[in-house]
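Sequential numbering from 1 along the given sequence is applied to the chain's residues.
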Amino acid sequence: MTAPPDDSLVPLRAGGDLPPVYCVHPVSGSPYCYTDLAARLDPGTPVFGFEAPGFDGIDEPAQSIRELAEVHTATLRAARPHGPYQLLGWSLGGVVAFEMARLLAAEGEEVPLLVVIDAALPGTQPFPPGPALVRYFLHDFLGLVSGGAPELDRALAKLGPEAGPQERLEAIADSGTVPEEFDAEFLLERFTLFRAHARAMVDHVIDGVHGGPTTLVRAERSEPHLLLWEPYASRLDQHTVPGDHHSIWREPGLAAIADIVNQALCRGA
């Protein structure tokens, strides 16, 4: 199992004397997508986020969802030896948070809050071929809403199908379609982590049920058949918020998510 870096648990909002909320990174490996949400939660609730192994560009990425869950659970218990534990995750982070909740429950710990945000079930989507994976990575990395980057897509379309990820990312870095600070080396480093996580999602099999309270938040523009969590969460509370997979983190989706999480925090208190 990959050893967690000492600084892999980062404060998104410190302060407060209530049990913290721990947010699990999505496929990008970064927890900073939750910063705006953290600012909208109950001010007495500290909020922390997990960075993925390999996000620092030094450590090796985890190779499975199970490994991510085990690494982050070890980090969590080192920081807070006993519960109650409150977990939240978007996309891949929702699947990892779900498996963390199962690990903690199996160890006799209380998990009164598990929020799964627009997380497709593992195995419901195939692993994309190379060109599609690079495009998916860039759209995810830049946080683009559907149809949001025609110039980027045109630049990618100029490359033949034989072009590998490095060649594609070098071309994009030189095309002026991404900010200057994102050079080819940086993009390739992030893509390597993204690819490992995407493969882990495709390969993962959920083999049990979480019996604790689970809040599922769907984006209204996501495909419903990808988010059929009912067989895996016996106490499931479901909500739909406006937007697509990425735009839910902007208004009005962000306010709706914050309201749902704050209500769940009150129920779990």
*Asks:* In terms of relative ring orientation, are Phe48 and Tyr22 parallel, tilted or perpendicular, with 30° and 60° separating the classes?
*Replies:*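 Ring orientation of Phe48 relative to Tyr22: parallel.
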*Asks:* Under 3.5 Å, is there a donor on one side chain and an acceptor on the other for His246 and Asp244?
*Replies:*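 There is no such pair (donor and acceptor under 3.5 Å, judged by atom type) between the side chains of His246 and Asp244.
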*Asks:* Ring centroid separation for Phe141 and Phe191, is it under 6.0 angstrom?
*Replies:*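 No - the distance between ring centres of Phe141 and Phe191 does not fall below the 6.0 Å cut-off.
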*Asks:* Are the side chain of Tyr85 and the backbone of Pro112 linked by a donor-acceptor contact shorter than 3.5 Å?
*Replies:*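 No, Tyr85 side chain to Pro112 backbone: no donor-acceptor pair under 3.5 Å.
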*Asks:* Does any non-hydrogen side-chain atom of Val115 lie less than 4.5 Å from one of Leu87?
*Replies:*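 A side-chain contact is absent here, since even the closest heavy-atom pair is not under 4.5 Å.
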*Asks:* Between Asp118 (side chain only) and Ala219 (backbone N and O only), is there a donor and an acceptor less than 3.5 Å apart?
*Replies:*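 Between the backbone of Ala219 and the side chain of Asp118 there is a qualifying donor-acceptor contact (under 3.5 Å).
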*Asks:* Will you find, in the side chains of His245 and Asp140, an N or O donor that is under 3.5 Å from an N or O acceptor?
*Replies:*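 The criterion, which ignores hydrogens and geometry beyond distance, is not satisfied for Asp140 and His245.
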*Asks:* Between Phe137 and Leu169, is any pair of side-chain heavy atoms under 4.5 Å apart?
*Replies:*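 They are in side-chain contact.
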*Asks:* For residues 87-101, which residue pairs pass the salt bridge (charged side-chain N to carboxylate O under 4.0 Å, His left out) check, not counting sequence neighbours?
*Replies:*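 Only Glu99-Arg102 qualify under salt bridge (charged side-chain N to carboxylate O under 4.0 Å, His left out).
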*Asks:* Taking only residues two or more places apart in sequence, or in another chain, which ones meet His197 in a ring-ring contact (aromatic ring centres under 6.0 Å, His included)?
*Replies:*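 So His197 forms a ring-ring contact (aromatic ring centres under 6.0 Å, His included) with His25.
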*Asks:* Find the distance between SG (Cys23) and CG (Leu37) and round it off to the nearest 0.5 Å.
*Replies:*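 One finds 6.5 Å between SG of Cys23 and CG of Leu37.
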*Asks:* Test of understanding: clusters of I, L, V, M, F, W, Y form through side-chain heavy atoms closer than 4.5 Å, transitively. Do Val24 and Ile65 belong to the same one?
*Replies:*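 Yes, because Val24 and Ile65 connect within a single hydrophobic cluster, where side-chain heavy atoms sit under 4.5 Å apart.
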*Asks:* Among residues two or more places apart or on two chains, list those pairs meeting salt bridge (charged side-chain N to carboxylate O under 4.0 Å, His left out) that have a residue in residues 182-203.
*Replies:*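 Sorted result for residues 182-203: Arg199-Asp203.
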*Asks:* For a side-chain contact (heavy atoms from CB on, under 4.5 Å) check, start with the C-alpha distance between Val261 and Asp259, then their side-chain angles and the critical distance, and finish with the verdict.
*Replies:* CA-CA 6 Å; Val261 176; Asp259 286 345; over 6 Å; no
*Asks:* Does Val116 reach the side chain of Val95, with side-chain heavy atoms less than 4.5 Å apart?
*Replies:*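 Not touching, per the 4.5 Å side-chain cut-off.
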*Asks:* Side chains of Ser28 and Ser30: is there a donor and an acceptor less than 3.5 Å apart?
*Replies:*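 No, no side-chain donor-acceptor pair sits under 3.5 Å.
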*Asks:* Could you label the plane-to-plane angle of the Phe186 and Phe182 rings as parallel, tilted or perpendicular, counting under 30° as parallel and over 60° as perpendicular?
*Replies:*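 Parallel.
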*Asks:* Is Val209 reachable from Leu113 through a run of hydrophobic residues whose side-chain heavy atoms are each under 4.5 Å from the next?
*Replies:*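 No, Leu113 does not connect to Val209 through the hydrophobic network.
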*Asks:* Kindly compute the distance separating CG (Leu121) from NE2 (His204), expressed to the nearest 0.5 Å.
*Replies:*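 Going from CG on Leu121 over to NE2 on His204, the span is 10.0 Å.
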*Asks:* side-chain contact (heavy atoms from CB on, under 4.5 Å) between Trp229 and Thr214: does it pass, once the steps are laid out?
*Replies:* CA-CA 10 Å; Trp229 279 88; Thr214 303; over 6 Å; no
*Asks:* Can you list the residues that meet the ring-ring contact (aromatic ring centres under 6.0 Å, His included) rule with Trp249, with sequence neighbours excluded?
*Replies:*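 Trp249: ring-ring contact (aromatic ring centres under 6.0 Å, His included) contacts with Tyr34, Trp90.
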*Asks:* Glu167 side chain to Pro165 main-chain N or O, any donor-acceptor pair under 3.5 Å?
*Replies:*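 No: the side chain of Glu167 does not pair with the backbone of Pro165.
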*Asks:* Under the side-chain contact (heavy atoms from CB on, under 4.5 Å) rule, what do Leu103 and Arg66 come out as? Steps first, then yes or no, please.
*Replies:* CA-CA 10 Å; Leu103 288 173; Arg66 173 66 63 177; 3.3 Å; yes
*Asks:* Could you tell me whether the side chain of Glu251 and the main chain of Ala255 form a donor-acceptor pair under 3.5 Å?
*Replies:*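 Yes, the answer is positive, given that a donor and an acceptor are paired below the 3.5 Å cut-off.
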*Asks:* If I compare all heavy atoms of Pro46 with all of Gly15, which pair ends up nearest, and what's the gap?
*Replies:*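 Distance-wise, the nearest heavy atoms are CG-O, 3.2 Å.
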*Asks:* Is there a side-chain contact (heavy atoms from CB on, under 4.5 Å) between Leu216 and Asp237? Walk through the geometry before answering.
*Replies:* CA-CA 6 Å; Leu216 174 64; Asp237 179 35; over 6 Å; no
*Asks:* Main chain of Ala39, side chain of Asp36: is a donor-acceptor contact present, judged purely on distance under 3.5 Å?
*Replies:*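 It does not hold such a pair.
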*Asks:* Output the distance between atom NZ (Lys158) and atom OG (Ser175), rounded to the nearest 0.5 Å.
*Replies:*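 Reported to 0.5 Å precision, the distance equals 8.5 Å.
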*Asks:* Can you find a pair of side-chain heavy atoms, one from Leu227 and one from Ser222, that are under 4.5 Å apart?
*Replies:*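 Yes. Closest side-chain heavy atoms under 4.5 Å.
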*Asks:* Has the side chain of Glu51 got a donor or acceptor atom that lies under 3.5 Å from a matching backbone atom of Gly29?
*Replies:*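 Here the side-chain-to-backbone pair does not exist.
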*Asks:* For residues Val111 and Pro213, report the shortest heavy-atom separation together with the two atoms involved.
*Replies:*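 Nearest heavy atoms, Val111 then Pro213: O-CD, 3.9 Å.
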*Asks:* Are Leu138 and Phe55 connected, step by step, through hydrophobic side chains (Ile, Leu, Val, Met, Phe, Trp, Tyr) whose heavy atoms are closer than 4.5 Å?
*Replies:*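 The answer is no; the residues belong to distinct hydrophobic clusters.
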*Asks:* For Gly83, is there any backbone N or O sitting under 3.5 Å from a side-chain donor or acceptor partner on Glu110?
*Replies:*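 No, the answer is negative, given that no donor and acceptor are paired below the 3.5 Å cut-off.
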*Asks:* Please identify each residue that fulfils side-chain hydrogen bond (donor to acceptor under 3.5 Å, both in side chains) with Gln238, with sequence neighbours left out.
*Replies:*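 For Gln238, the residues satisfying side-chain hydrogen bond (donor to acceptor under 3.5 Å, both in side chains) (neighbours in sequence not counted) are Arg218, Glu230.
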*Asks:* Do Leu187 and Val27 share a hydrophobic cluster, counting only Ile, Leu, Val, Met, Phe, Trp and Tyr and linking them when any side-chain heavy atoms are less than 4.5 Å apart?
*Replies:*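 Yes, it is one cluster - the side chains of Leu187 and Val27 are joined through contacts under 4.5 Å.
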*Asks:* Can you find a heavy atom in the side chain of Thr215 that is under 4.5 Å from one in the side chain of Leu114?
*Replies:*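 A side-chain contact is absent here, since even the closest heavy-atom pair is not under 4.5 Å.
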*Asks:* Between Tyr136 and Leu159, is there a shared hydrophobic cluster once you connect ILVMFWY residues whose side-chain heavy atoms come closer than 4.5 Å?
*Replies:*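 Shared cluster, no.
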*Asks:* Kindly compute the distance separating CG (Leu265) from CG (Leu18), expressed to the nearest 0.5 Å.
*Replies:*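 CG of Leu18 is found 8.5 Å from CG of Leu265.
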*Asks:* Measuring from Met100:CE to Thr75:OG1, what's the distance to the nearest 0.5 Å?
*Replies:*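 One gets 8.0 Å once the value is rounded to the nearest 0.5 Å.
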*Asks:* Any side-chain heavy atom of His210 sitting closer than 4.5 Å to one from Tyr232?
*Replies:*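 Counting from C-beta outward, His210 and Tyr232 never come under 4.5 Å.
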*Asks:* Restricting to non-hydrogen atoms, name the atom on Val178 and the atom on Ala173 that form the minimum distance, rounded to 0.1 Å.
*Replies:*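 For Val178 and Ala173, the tightest heavy-atom pair comes out as CG2-CA, 4.2 Å.
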*Asks:* Run the salt bridge (charged side-chain N to carboxylate O under 4.0 Å, His left out) test against Arg77 and tell me which residues pass, sequence neighbours left out.
*Replies:*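 Here the qualifying residues are Glu107, Glu109.
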*Asks:* Please report the closest heavy-atom contact between Leu193 and Pro53, naming both atoms and the distance.
*Replies:*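 Shortest heavy-atom contact: CD1-O, 3.3 Å.
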*Asks:* Within the side chain of Asn262, is there an N or O that forms a donor-acceptor pair under 3.5 Å with the backbone of Arg40?
*Replies:*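 Indeed, once roles are kept as given, a pair shorter than 3.5 Å links the two residues.
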*Asks:* Between Thr124 and His225, is there a side-chain donor-acceptor contact under 3.5 Å, judged purely by atom types and distance?
*Replies:*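 No, no side-chain donor-acceptor contact under 3.5 Å.
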*Asks:* So which atom in Gly89 and which in Ala97 form the shortest heavy-atom distance, rounded to 0.1 Å?
*Replies:*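 It is N-CB, 4.3 Å.
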*Asks:* Got a donor-acceptor contact below 3.5 angstrom from the Arg13 side chain to the Ala38 backbone?
*Replies:*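 Yes.
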*Asks:* Let me confirm one number: the CG-CD distance from Leu68 to Gln63, rounded to the nearest 0.5 Å.
*Replies:*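 That separation rounds to 9.5 Å.
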*Asks:* Mind checking whether Pro19 and Arg80 have side chains closer than 4.5 Å, heavy atoms only?
*Replies:*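 Sidechains of Arg80 and Pro19: in contact.
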*Asks:* Taking all non-hydrogen atoms of both residues, which atom of Arg235 and which atom of Gly212 are closest, and how far apart?
*Replies:*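 Taking Arg235 first and Gly212 second, the nearest heavy atoms are CB-O, 3.7 Å.
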*Asks:* If we only count heavy atoms from C-beta on, is the Pro122 to Val202 side-chain gap below 4.5 Å?
*Replies:*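 The answer is no, as the side chains (C-beta and beyond) never meet within the 4.5 Å cut-off.
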*Asks:* Kindly say whether Glu70 contributes a backbone atom to a donor-acceptor pair with the side chain of Thr73 at under 3.5 angstrom?
*Replies:*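 Checked: no pair found.
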